[in-house]
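Read through the structure below, which is laid out as structure tokens, and then see the notes.
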Amino acid sequence: MQGGEQIISAVIWMVLLIAIFYFLLYRPQQQQRKKHEEFLKNLKKGDKVITSGGLIGEIKSVEENTVSLKICEGCIVKVVKPSVASYYEEK
């Protein structure tokens with residue numbers, strides 16, 4: 001019977017480790033991704049944003065997959081939407 005108890009114990013530990021992995025790593029990452037997707041859906045003309053590359057600019061137009069940013073006077077750059085990291089707030 002000891003062999004059967006060891007297998008049950010190993011399965012319980014494996015399930016426990018998978019549950020810990022899910023709640024500590026996968027689920028928070030999934031929630032963060034959904035939050036970022038919602039942020040991207042709500043982008044509009046006039047918002048000041050910062051890209052993942054560090055560019056700061058004002059949104060001039062929003063298309064399906066891209067955003068046009070005015071980064072300086074007379075300079076408009078087109079970036080892919082997922083590269084927009086967050087709103088920019090001057091301090």
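Scope of the values below: all heavy atoms of this structure, side chains included, with no hydrogens, waters or symmetry mates.
A search for side-chain hydrogen bond (donor to acceptor under 3.5 Å, both in side chains) contacts involving K45 returns nothing, not counting sequence neighbours. For the ring-ring contact (aromatic ring centres under 6.0 Å, His included) test, no residue two or more places apart in sequence or in another chain qualifies with F21. Judged as a side chain to side chain contact (heavy atoms under 4.5 Å, CB included), and not counting sequence neighbours, the contacts of V11 are I7, V15. For the side chain to side chain contact (heavy atoms under 4.5 Å, CB included) test, residues two or more places apart in sequence or in another chain that qualify with C75 are I71, C72, V77. The side-chain hydrogen bond (donor to acceptor under 3.5 Å, both in side chains) search around S68 returns S61, not counting sequence neighbours. Partners of E38 according to the salt bridge (Lys or Arg N to Asp or Glu O under 4.0 Å) rule, which considers only residues two or more places apart in sequence or in another chain, do not exist here. For S83, the side chain to side chain contact (heavy atoms under 4.5 Å, CB included) partners at least two apart in sequence or on another chain are S52, V79, V80. Considering only residues two or more places apart in sequence or on other chains, K70 meets the salt bridge (Lys or Arg N to Asp or Glu O under 4.0 Å) condition with E73.
Here CG of L43 is found 5.5 Å from OH of Y87. Values are rounded to the nearest 0.5 Å.
Considering all non-hydrogen atoms of both residues, K81 and L40 come closest at O-CD2, 3.2 Å.
Counting side-chain heavy-atom gaps under 4.5 Å among Ile, Leu, Val, Met, Phe, Trp and Tyr, the cluster of Y88 also holds I50, I56. In this structure, L17 stands alone, with no Ile, Leu, Val, Met, Phe, Trp or Tyr side-chain heavy atom under 4.5 Å from its own, directly or through other members.
Not a single donor-acceptor pair under 3.5 Å links the side chain of N42 to the backbone N or O of F39.
Residue pairs meeting the salt bridge (Lys or Arg N to Asp or Glu O under 4.0 Å) criterion with at least one partner in residues 60-69, sequence neighbours excluded, are E58-K60, E63-K78.
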- [ ] Decide side chain to side chain contact (heavy atoms under 4.5 Å, CB included) for I18 and I20; before the verdict, give the C-alpha distance in whole Å, the side-chain angles of both, and the deciding distance to 0.1 Å.
- [x] CA-CA 5 Å; I18 290 171; I20 290 171; over 6 Å; no
Point to revise | side chain to side chain contact (heavy atoms under 4.5 Å, CB included) between I76 and L69, worked out | key: CA-CA 5 Å; I76 295 180; L69 295 178; over 6 Å; no
Item to complete: Could you walk me through whether K48 and E89 pass salt bridge (charged side-chain N to carboxylate O under 4.0 Å, His left out), step by step?
Response: CA-CA 8 Å; K48 285 194 132 191; E89 299 171 11; over 6 Å; no
Side chains of residues 23-37: which donor-acceptor pairs under 3.5 Å do they make with residues two or more places apart or in other chains?
{"from": "H36", "atom 1": "NE2", "to": "V84", "atom 2": "O", "distance (Å)": "2.9"}

